Amino acid sequence: MFWDGIARRNAGSGGDGGPTEMNAPVEREPRAKVKIGLALGGGAARGWSHIGVMRVLEEAGIVPDVIAGCSIGAVVGGCYAAGKLDALESFALSLTKRRVMGLLDFHITGAGLIAGGRLQRLLDQDLTDLRVEALPIKFCTIATELSSGHELWLTRGPLVQAMRASYALPGVFNPVLVGGRWLMDGALVNPIPITAARALGADIVICVNLNGEVRIRGTVIQSYEADGNDELEIEEAIETPKRWGFLPSSWGEKPRKPNAPGIATVMVDAFNITQDRIARSRLAGDPPDLMISPKLAKMGLFEFHRAEECIALGRQATERALPDLMEMIRDSQMA
């Protein structure tokens, strides 16, 4: 058997001492390109930092193959995928407090405080007629169905509509009707859509967590009761200004508690708490390969006029993470 094998091998090489099958160079399959995915999280005005993240990645020559965006992350990710990031950055940098208020079309007859028509018209100027499935980069937005709580990945259809559904914050913007379903902000179910980025084919997923530094680190207070001085403090807060003549005697029949939160504070804090809890759970179940967390603790959720500062914080966070990202990409390409 051994000699028969030698004979067959020499016969295959022509028996002239030339290269045989054993020492001939082996042709290898070309290594597939490592696909980079971005999961852009929600966080209202803090989302302008996504622009800074994208700029640093561009400068490093890193072009994502997949983008999954939630809420403001859907807006920035969609504009990037459509080649309109420059226009979005110019718009963000042009915002002032007065202009932000001018964009908010308040109404009292809908399901939210803001109809959202003015913002839609701005998006339509650059993105009208664009469809999600036709973008050069694979893209999806995350939304929540109002009645069932289902998590929906919008991978087809009009781009502007997909964006609007993803940022329709309950109580602030009207829900958006898409395919017969009423949809609202995706941050209610998946604030940082890592799962979606992986499912769309990403080998390495980079997530941008806009609340990584501003988490409300809640705990359980196992035994708590009301303080008997609470009512006395409320009475004192009302009666003392009356005695000093700062308030009319008829004021405060139904006094508001001192330091009691207003409706805006209640809504924002409730959304922050909900998003924090869900984000922590989702990150634990499906962690990213790399997380970028801009230092946004001092940035208010609705301070859209601070775009320049926010973009700079996104750049700084990405520059800090860039060496680890480049090493990760190199290692993946060599594997």
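Owing to the predicted nature of the structure, the values given are computational and were not obtained by experimental measurement.
- I311 and L88 fall within the same hydrophobic cluster, defined by Ile, Leu, Val, Met, Phe, Trp and Tyr side-chain heavy atoms under 4.5 Å apart, directly or through other members.
- Rounding to the nearest 0.5 Å places OG of S49 at 12.5 Å from CZ of R315.
- Taking A196 as the reference, A68, C140, I142, W153, P193 meet the side-chain contact (heavy atoms from CB on, under 4.5 Å) condition, with sequence neighbours excluded.
- Within a 6.0 Å sphere centred on CD of E308, other residues, nucleotides and ligands contribute 12 heavy atoms or fewer.
- Ion pairing of E151 with R282 is present here, as a side-chain N (NZ or NE/NH1/NH2) and a carboxylate O approach within less than 4.0 Å.
- Applying the side chain to side chain donor-acceptor pair (under 3.5 Å) test to residues at least two apart or on different chains, the pairs with a partner in residues 73-95 are R55-D86, R55-E89, S94-R99.
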Inset, instruction - Mind running side-chain contact (heavy atoms from CB on, under 4.5 Å) on M291 and V208 for me, showing each step along the way? - result: CA-CA 6 Å; M291 182 161 66; V208 184; over 6 Å; no
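- With a 4.5 Å cut-off on side-chain heavy atoms, P191 and N209 do not count as touching.
- The closest side-chain heavy-atom distance from R164 to V178 is not below 4.5 Å.
- In this structure, T96 and H305 approach most closely via the heavy-atom pair C-CB, 3.8 Å.
- Here the side chains of M101 and K97 are not in contact, with every heavy-atom distance at 4.5 Å or above.
- A 4.5 Å side-chain heavy-atom check between D276 and N211 finds every atom pair outside the cut-off.
- P158 meets the side-chain contact (heavy atoms from CB on, under 4.5 Å) test with R131, Q161; sequence neighbours excluded.
- Residues passing the side-chain contact (heavy atoms from CB on, under 4.5 Å) test with A60 are I62, L322, sequence neighbours excluded.
- Across V132 and L154, no two heavy atoms sit closer than the pair CG1-O, 4.0 Å.
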Inset, instruction - Might you work through the side-chain contact (heavy atoms from CB on, under 4.5 Å) test for V160 and T128, ending with a clear yes or no? - result: CA-CA 7 Å; V160 172; T128 188; over 6 Å; no
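- Listed here is the closest heavy atom pair of P175 and A168: CA-CB, 4.4 Å.
- Here the shortest heavy-atom pairing between L313 and P294 reads O-CB, 3.9 Å.
- Although no hydrogens or angles enter the test, the distance criterion places a donor-acceptor pair under 3.5 Å between the side chain of T141 and the main chain of A162.
- A salt bridge links E303 with R306: at least one charged nitrogen is closer than 4.0 Å to a carboxylate oxygen.
- L290 and L200 are assigned to two separate hydrophobic clusters, defined by single-linkage of ILVMFWY side chains at heavy-atom distances under 4.5 Å.
- For the pair L152/T144, no side-chain contact is recorded, criterion being any heavy-atom separation below 4.5 Å from C-beta on.
- For the atom pair CZ of F139 and CG of L130, the computed distance is 11.5 Å after rounding to the nearest 0.5 Å.
- Contacts classified as salt bridge (Lys or Arg N to Asp or Glu O under 4.0 Å) and involving residues 197-206 (residues at least two apart or in different chains) are given here: R198-D286, R198-D289.
- Considering SG of C70 and CD1 of I194, their distance stands at 11.5 Å, rounded to 0.5 Å.
- In this structure, CG on L38 lies 11.5 Å from CD1 on I204, to the nearest 0.5 angstrom.
- Closest non-hydrogen pair, A202 versus V66, comes out as N-CG2, 4.2 Å.
- The CD1 atom of I36 lies 7.0 Å from the OG atom of S332; values are rounded to the nearest 0.5 Å.
- A continuous path of Ile, Leu, Val, Met, Phe, Trp and Tyr side chains, each step under 4.5 Å between heavy atoms, connects V76 with F173, placing both in one hydrophobic cluster.
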Legend entry - Worked verdict on M184 versus L169 for side-chain contact (heavy atoms from CB on, under 4.5 Å): CA-CA 6 Å; M184 54 187 177; L169 184 64; over 6 Å; no
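- Taking each heavy atom of C310 and R46 in turn, the nearest pair found is SG-O, 3.3 Å.
- Remark: side-chain polar atoms of S71 are not paired, donor with acceptor, to backbone N or O of G73 under 3.5 angstrom.
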Inset, instruction - Determine, step by step, whether V53 and I292 satisfy the side-chain contact (heavy atoms from CB on, under 4.5 Å) criterion, reporting the C-alpha distance in whole Å, the side-chain angles of both residues, the deciding distance to 0.1 Å, and the verdict. - result: CA-CA 8 Å; V53 172; I292 297 173; 4.2 Å; yes
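- Between M299 and L210 there is no side-chain heavy-atom pair separated by less than 4.5 Å.
- Looking at L325 and L57, their side chains come closer than 4.5 Å, going by heavy atoms from C-beta outward.
- For the pair E133 and R156, the salt-bridge criterion is not met [side-chain N within less than 4.0 Å of a carboxylate O].
- Residue C79 holds its SG atom at 10.5 Å from CE of M54, rounded to the nearest 0.5 Å.
- Tracing side-chain contacts under 4.5 Å through hydrophobic residues (I, L, V, M, F, W, Y), one reaches I206 starting from L85; they form part of the same cluster.
- Note: the hydrophobic cluster containing Y167 also contains L301 (ILVMFWY, side chain heavy atoms under 4.5 Å, direct or indirect links).
- Grouped by direct or indirect side-chain proximity (heavy atoms under 4.5 Å, Ile/Leu/Val/Met/Phe/Trp/Tyr only), I278 sits alone.
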